[in-house]
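Below is one structure, written out as structure tokens; comments come after it.
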Amino acid sequence: MILLDNHQILAAVQRSLQTHILPMLEDDFAKVQVASAMKALQEVCDRLADGDPCDRMNADLMAGARSIVVEHERGSPELCRRLEQLLSSMPENEDARDLNRALGEGLWQLVAAAHDDPAAKGLLKLLYDQALAVYSADGQYIAIEAIASLT
Amino acid sequence: MSQAPSGPAQRLEKALQSNAKSLRVQSIDSIERLTSGLSSQSYLVEAITADGPATWVMRVEPEFGVIPPYDITREYRLLEDVGRAGLPVPRMLHLGEDASVVGGRFLLMSFIEGEIYRSKDPRIEGDPDLCSSVQEQFVDMLARVHATEQQTLPIYASGPDAARAQVAVCRGRMKRTELIPSPVLRHALDLLEREAPEAQRIGLLHGDYRLPNLMWHEGRISAILDWELAFVGDPLSDLAFTQTVGMGPCSVEGPLADHYSRITGIEVHPKKIIYYKLLEMVKSTIIGLAGAHDLARGGTDLRLLSVATIALSGQAMFGALEGQLEAYLEAES
């Protein structure tokens, strides 16, 4: 296996499932499972090529939050001070999902504590935009067969 | 010493012969998994009884699931209740409490002949007469569900507390399933808690009322299926659910909502519908979170990956729905 890189191994598994397993299956539930597995393998292949999307989400959230500090530091000094504090307290070299937990919790505490503050509204919009971006990017990994079996 | 039966069909045969004597089971010939449904696992059971061949549907309480906590006993009792009240549902045949028989507690129910339409079904969309018949029966049956008396599900609250009770259930599920924080979801729950509307009436709600959960035979609804999300609350919650994404011609709005109002006397207030649409999107998002959570702790149904992904669409829509709701609130104040 050392001769092949991760992407080549996963692509071979995908081709095997597509060529040798899927056509042999008669059970509908098994077919849906294989179709879903192929989508999952595709997602892992893409992560190997492009990096973990959670890293990108964290970077986007940090950059967005920094822009909010710049934009609102005069109008919402207290919230911006706490936001800066949060950003500077984020651990480096942390696992992407651990960092996301810390960042998500921290941003949520700021939004929840100051509904009407313009900077909090900006943070909420940033979070909405992120939700939309994640959904748009993840849509390609939905196995249509899986959803069709449920609707 | 007699040997324990090994396969699920043999174990089920033995269990039914011992504990469901009225079914007069001689043998279980096959158990075939059905692909539809995500929560409980459903199987088609072919049996030979002293009265002849029989086909039944078996639903098994899963070890993992997207709408915990499961309670197959509750589902069994509710279906008995609503069946007695006259709603078309499968007849309950046996409640199996021994999880070792088929890998979870199970219920056995009658198999109902009929066809199922998808939410957007070309057979309906290409036939205007069929479409209006399906739409009218869809609404009439929903009104019947809402007026049905039952003893199984508790009435937690009325007035604005009816909606708050649902929000509390959502919060509990979110806490159990959130792998990474969902600030947008938490914000939506806070808004829903704050702005809970007064329920004009409290009734039995199906909780997942859509075309794929109805069976049709000779042009009439022959069964309402999948009651595991049923609860008691504001009927407008069920109506709003029909308006969420992908519901096709049976989205109860416009003339269909007017028809519902005429037969029930319940006013379909647009602000309340937006509120409950947001609540329904929150619920579906949490089902998606639960799908990911299930896989993380050992679940094996890979369809949950797609469910987790599609549930993100709910979060992507929160902003627009919250904006609409806030516009109503501002106009009122």
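Remember, predicted model here, so these are calculated numbers, not experimental data. Chain naming here is simple, since letters A, B, ... match the order of the sequence lines and numbering starts at 1 in each.
- Comparing A/V111, A/D138, A/L107 by heavy-atom pairs within less than 4.5 Å of chain B, the highest count is held by A/D138.
- A salt bridge between A/R47 and A/D50 is absent, with no side-chain N of the basic residue lying under 4.0 Å from a carboxylate O of the acidic one.
- A/D129 has a carboxylate O that lies under 4.0 Å from a charged side-chain N of A/K125, or vice versa, which qualifies the two as a salt bridge.
- Using modelled atom types, no side-chain atom of A/S16 and backbone atom of A/A12 make a donor-acceptor pair closer than 3.5 Å.
- If you check the side chains of B/E253 and B/S251, you find a donor sitting under 3.5 Å from an acceptor.
- Within the 4.5 angstrom heavy-atom criterion, only side-chain atoms of B/L305, from C-beta onward, approach chain A.
- Most heavy-atom pairs under 4.5 Å with chain A, from the set B/E322, B/Q315, B/H187: that is B/H187.
- At least one donor-acceptor pair closer than 3.5 Å links the side chain of B/S222 to the backbone N or O of B/M215.
- Only the backbone of A/Y141 comes within less than 4.5 Å of a heavy atom in chain B; its side chain stays farther off.
- Counting heavy-atom pairs under 4.5 Å between each of A/L103, A/V134, A/L124 and chain B puts A/L124 at the top.
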